[in-house]
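Inspection log for the structure reproduced underneath, given as C-alpha cells.
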Amino acid sequence: MSDGGIDIRSIRNIGIAAHIDAGKTTTSERILFYTGKIHKIGEVHEGAATMDFMEQERERGITISSAATTCYWKNHMINLIDTPGHVDFTMEVERSLRVLDGAVAVFCAVGGVEPQSETVWRQLDKYKVPRIAFVNKMDRVGANFFDVMSQIEERLGATPVPIQLPMGCEEAFAGIIDLVEMRAIEYTDELGTRMELEEIPQAYVDEAQKWRERLVESLAEVDDEIMEAYLDGKEVSREKIKEALRFGTINLKLVPLLCGSALKNKGIQLLLDAVIDYLPSPLDIPPIKGVNPLTGEEVVRHTDPEGPLTALAFKVLVDPYVGRVVYTRIYCGTLHTGMSVLNATTGRKERVGRILRIHANKREDIDSAFAGTIIAIPGLKGTRTGDTLCDEKEPIVLEGMNIPEPVISLAIEPASKADQVKLSKGLAALSEEDPTFRVAIDHETGQTIISGMGELHLEIIVDRLRREFGVDVRVGKPQVAYREAIKKPAKGEGKFIRQSGGRGQYGHVVLEVEPLPGHSGYEFEDKIVGGVIPKEFIPAVQKGVEEALTSGIVGGFPVIGVKVSLVDGSFHEVDSSEMAFKIAASMAFKEAMRKANPVLMEPIMEVEVVTPEEYLGDVMGDLSSRRGRIEGMTTRSGAKVVKAYVPLAEMFGYASALRNKTSGRATFTMKFSHYEEVPAEVAEKLMASAS
Ligand SMILES: Nc1nc2c(ncn2[C@@H]2O[C@H](COP(=O)(O)OP(=O)(O)OP(=O)(O)O)[C@@H](O)[C@H]2O)c(=O)[nH]1
C-alpha cells in the first residue's frame, strides 16, 4: 500500500515537545524549511512562524491549538503534530499525545532541563511515547551539551545516549560529530544547506573515540549481539548500531541525544535523519483499543490499511484557507472521498466529501488516506474533537477520550447591545472547537454562564472572544459549581388552597424523599393508591418536584442524588388544577428537604502532582492545607507522583502556588472526580459570604 511512493513503514507521526523558549517553533520551522515546503525562514517572534498561527499563543508563549503539518524527508512522510504543554488543557495534551507515535524533546543548551521541560517529559512518560532529545542553542554563550545530558539523566531519570558531539560551542560552534557514522559535518553557509562531510578533525578524535565506545556500551545493554561483540572486543557495524538504537528508543530503554542550533541552521538535517532512523512508524506501536458501542466488547485494531476503518478526530480547527476542518488520525483501514462513515461517538453518519493533506503552505486534496496517516477533513458538521469515525458495519469507540465535566464557571455579558450577536456567534464557534468548554443560560438571572476546566481555560476563552471575534465582554468571578443533597429520608406536605369567590385552587401533596447512593441521579416514583390524587395531576406533581430540584434550600444550588416518592394527597372536584398541584408539590419537596438534613455538596478533583522528591513534604503539606486527602504515592521516572482528592474550591491559584513552592519543578493535572459534602464550618462561611 503506498501513498505517493510512501508505505506505512516510512511514516513518522511526531510531536516536538519543549520548554517555552527552548526553540520549539524555530526547530519546527527549520524542519519545514529543509523538507522543502516553505521557502523563507521567518523569525518566529516577528510573526512569520508557520506553526503558531494563533496570535495569542505567541503572546502567552504557550501553545494551545494542535495542528498537524505534513512534510517529506528522504522518502519518508513526517507528520508534525503541534503539542500543547499546559496543565489546564489536559484534553488537548492527551489528544495530541494520543495521535503521535514519537517525539523530539528540545532542550536549551544553556537552560538545560527546565521546569516545564520536566512537565512535558513526564507527560511523554505517562503515554509511553518514544523520543529523541535535541540539545538546541549550542551557539549561545554558556551552552554545555554534557551538562544537559547529566540533567536529563538525573532529573528525568532517563538514559540519554549521545549519538553526536558538538564541534566547538558558543560562538565557535561549527559543526557536529556523528558518532554512528564516525564522521564530522561542517556547515559552510549561513542557511546550513551546504554541509561538508569530512574526517573527524584531529583535535576531536580522542573524544569521539571515547563517546563511540560509550555508545556501544549503552547499546550492549539492549542488544545481546552487541554485548557479545563488546565483550570480545570486536567492531560493531554501523547497521547494527542503528538497529539497536532504534530498538532501544522504540522500547523506551534509551533516548538518543543530538545537538545543534536551530537558529543558526545547524543540525536540523541530522535531526530529521534521526527521526527516520530511530522513531517508530505506525507499525511499531501497540494496536489501538476501543469498545464496540453495541455490545460493549473490547475491540483491538492494528495498523492495517485493509482492516475496518478506525479513525480519531483529534482536533477541530478553523483553517485560514479552508474553513472548519477536522484533523483526523487513521488507525486502521483506508478512507476514501465520497465515503460514508459512522461517527460512533454520536451515532450519526457523516459523508467525507474531501480529504486534505495539510502542508505548511498549502492544502492538498487527496482521494484516499490509509492507516497510519494524519489528514484533515472539511465539512464534517456533526464531528467534534475526540469523536471516533469508523466503518458502520464494524463500529468502535476508541477508549480514553471521555470528555470531562467542566467544574468552573463564570457569568459573561456583552459590553454593549452591539456585541450581543457577536458574542453568541463566538461562543458557539468556541464550544464547537473545544468540547470541554460549555455555554448555558441561567434561567433565574438570564445571565450567560460559561464553564470550563480551570481558571486559565476560561481566561483564554475570554481572550479569544475579544481578539478573534472582536467582542467586548464583561465577566464575573469564577464560581465553583456547588450542588445540594440530603442525608436522611423525610416526609413533607404541601397544600395550595385558595378560595376567593368563584373558582378556587386546590392542590395537596405528600412526598417522601430519600438520598440515593453516591449522591448522584434523581428518581421519581408515584405510590398513590386509591386515586387520592387523580392520574391526570401526577405529571404536574412531578414537574413541580423537578422545578424545585433546580434550586435547593441551602444556597439555591441544584439538588442531586435524591429519590422522591409521591405517597399521599387529596383533591377537589372543582378547584383542583395542574398549576395548584405543581405548586403544592414544590412546597412539599421544600418542606421534606428541610427535614432531611440538607447539605451543600462540592466538586472534588482528582489531583496528580509530579514532583522531585526534595519538594515532596511541601507538596503534601500544601495539599493537606487545601483540605486535600492524599490517596497514594508512587514513583515515575525518578519523580514522586502524589494522588489526592481536593475540593475544587481550594484549587484556585494552585498552579502558581505550586510553581512558587517547588521553583517550578513540580507539575500537576486535575480532573473532576465526584461530589462530596462541604464540611459544616466551611459551608457556614460560604453561606455567610454569599448573603
Ligand atoms: N541562539 C539561539 N537562539 C535560538 C535558537 N533557537 C531558537 N532561538 C531563539 O530562542 C527564542 C525562542 O525560540 P522559539 O523557537 O520561539 O521557542 P519556542 O520553544 O517555540 O518558544 P515559545 O514559542 O515561547 O514556546 C527565539 O528568540 C529564537 O530566535 C538557537 O539555536 N540559538
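Applying the salt bridge (Lys or Arg N to Asp or Glu O under 4.0 Å) rule to R324 yields the partners E432; only residues at least two apart in sequence or on another chain are considered. Every residue two or more places apart in sequence or in another chain that forms a side-chain contact (heavy atoms from CB on, under 4.5 Å) with D147 is listed here: N144. Applying the side-chain contact (heavy atoms from CB on, under 4.5 Å) rule to E154 yields the partners S150; only residues at least two apart in sequence or on another chain are considered.
Taking CG of L254 as the reference point, atom CG of L219 lies at 6.5 Å (rounded to 0.5 Å). In this structure, R155 CZ and R665 CZ are separated by 4.0 Å, a value rounded to the nearest 0.5 Å. Distance check, rounded to the nearest 0.5 Å: OG of S663 to CG of L658 gives 10.5 Å. The structure places CG of L156 at 8.0 Å from CG of D125, a figure rounded to the nearest 0.5 Å. Taken to the nearest 0.5 Å, the CD1 atom of I14 stands 7.5 Å off from the CG atom of L272. Note that the CD1 atom of I132 and the CG atom of L271 stand 5.0 Å from one another [nearest 0.5 Å].
Remark: the E676 side chain and the H674 side chain contain an N/O donor-acceptor pair separated by less than 3.5 Å. No side-chain donor from either of T159 and K253 sits under 3.5 Å from a side-chain acceptor of the other. R301 and T310 share a donor-acceptor pair across their side chains, judged by distance under 3.5 Å alone.
Between F107 and W121, the two ring planes are tilted [angle within 30° to 60°].
In this structure the side chain of L258 reaches within 4.5 angstrom of the side chain of I163, judged on heavy atoms. Contact check for L600 versus E677: no side-chain heavy atoms found under the 4.5 Å cut-off. Taking the side chain as every heavy atom from C-beta outward, Y327 and I81 never approach each other to under 4.5 Å. The closest side-chain heavy-atom distance from I449 to L410 is not below 4.5 Å. Proximity of L648 to I604: side-chain heavy atoms (C-beta onward) are nowhere separated by under 4.5 Å. Taking 4.5 Å as the limit, some side-chain heavy atom of V480 sits within range of a side-chain heavy atom of F652. Contact of the P160 side chain with the E153 side chain is registered, since non-hydrogen atoms from C-beta on lie closer than 4.5 Å. Using a 4.5 Å heavy-atom threshold, the side chains of V641 and E608 count as touching.
Applying the side chain to side chain donor-acceptor pair (under 3.5 Å) test to pairs two or more places apart or on separate chains, those with a residue in residues 641-650 are R627-E650. Counting only residues at least two apart or in different chains, ring-ring contact (aromatic ring centres under 6.0 Å, His included) contacts with residues 128-164 comprise F146-W211.
Of the possible polar contacts, none joining the N660 side chain to the A657 backbone as a donor-acceptor pair under 3.5 Å is found. With Q164 contributing its side chain and C259 its backbone, the two residues share a donor-acceptor pair below 3.5 Å. In this structure, the side chain of E606 does not engage the main chain of A644 through any donor-acceptor pair within 3.5 Å. Under a 3.5 Å cut-off, the side chain of R329 and the backbone N or O of A311 do not form any donor-acceptor pair. The closest donor-acceptor contact from the side chain of Q151 to the backbone of V113 lies under 3.5 Å. At distances below 3.5 Å, at least one donor-acceptor pair connects side-chain atoms of T345 with backbone N or O atoms of T388. Judged by distance alone, with hydrogens and angles left aside, the side-chain atoms of T662 form a donor-acceptor pair with the main-chain N or O of A666 at under 3.5 Å. Within the 3.5 Å criterion, the main-chain N or O of G372 finds a donor-acceptor partner in the side chain of N13. Between the N251 side chain and the F247 main chain, a donor and an acceptor come within less than 3.5 Å of each other.
Of the residues I630, V610, V609, the one that meets the side-chain contact (heavy atoms from CB on, under 4.5 Å) test with V619 is V609. When each of L124, V104, L100 is tested with R131 by the rule side-chain contact (heavy atoms from CB on, under 4.5 Å), just one qualifies, namely L124.
Geometrically, R467 does not engage F469 in a cation-pi contact defined by less than 6.0 Å to the ring centre and at most 45° from the axis.
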Quiz item: Would R140 and C108 count as a side chain to side chain contact (heavy atoms under 4.5 Å, CB included) if you check the C-alpha gap in whole Å, the side-chain angles of each, and the deciding distance to 0.1 Å?
Solution: CA-CA 9 Å; R140 268 189 62 191; C108 168; 3.8 Å; yes
Practice problem: Dump the intermediate steps for side chain to side chain contact (heavy atoms under 4.5 Å, CB included) on I288 and R98, then the final yes or no. | Solution: CA-CA 10 Å; I288 192 146; R98 260 308 266 283; 3.7 Å; yes
Quiz prompt | side chain to side chain donor-acceptor pair (under 3.5 Å) evaluation trace for T635 with K640 | solution = CA-CA 5 Å; T635 304; K640 295 288 171 201; 3.1 Å; yes
Practice problem: Run the numbers on I16 and I31 for side chain to side chain contact (heavy atoms under 4.5 Å, CB included), then give the verdict. | Solution: CA-CA 11 Å; I16 297 189; I31 287 179; 3.8 Å; yes
Self-check item: Steps toward salt bridge (charged side-chain N to carboxylate O under 4.0 Å, His left out) verdict (D277, R12)
Solution: CA-CA 10 Å; D277 288 340; R12 298 291 177 275; over 6 Å; no
Quiz item: Does the pair L686 and Y482 meet the rule for a side chain to side chain contact (heavy atoms under 4.5 Å, CB included), with working shown?
Solution: CA-CA 11 Å; L686 203 76; Y482 288 102; 3.4 Å; yes
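Between D139 and K264 there is a salt bridge, since at least one side-chain N of the basic residue sits less than 4.0 Å from a carboxylate O of the acidic one.
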Name the atoms and distances for all side-chain donor-acceptor pairs under 3.5 Å in residues 280-287, with sequence neighbours left out.
unit_1 : atom_1 : unit_2 : atom_2 : d
S281   : OG     : L283   : N      : 3.1
S281   : OG     : D284   : OD2    : 3.4
D284   : OD2    : R246   : NH2    : 2.7
D284   : OD2    : S281   : N      : 2.9

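Closest approach of M601 to V678, counting heavy atoms only: C-CG2, 3.8 Å.
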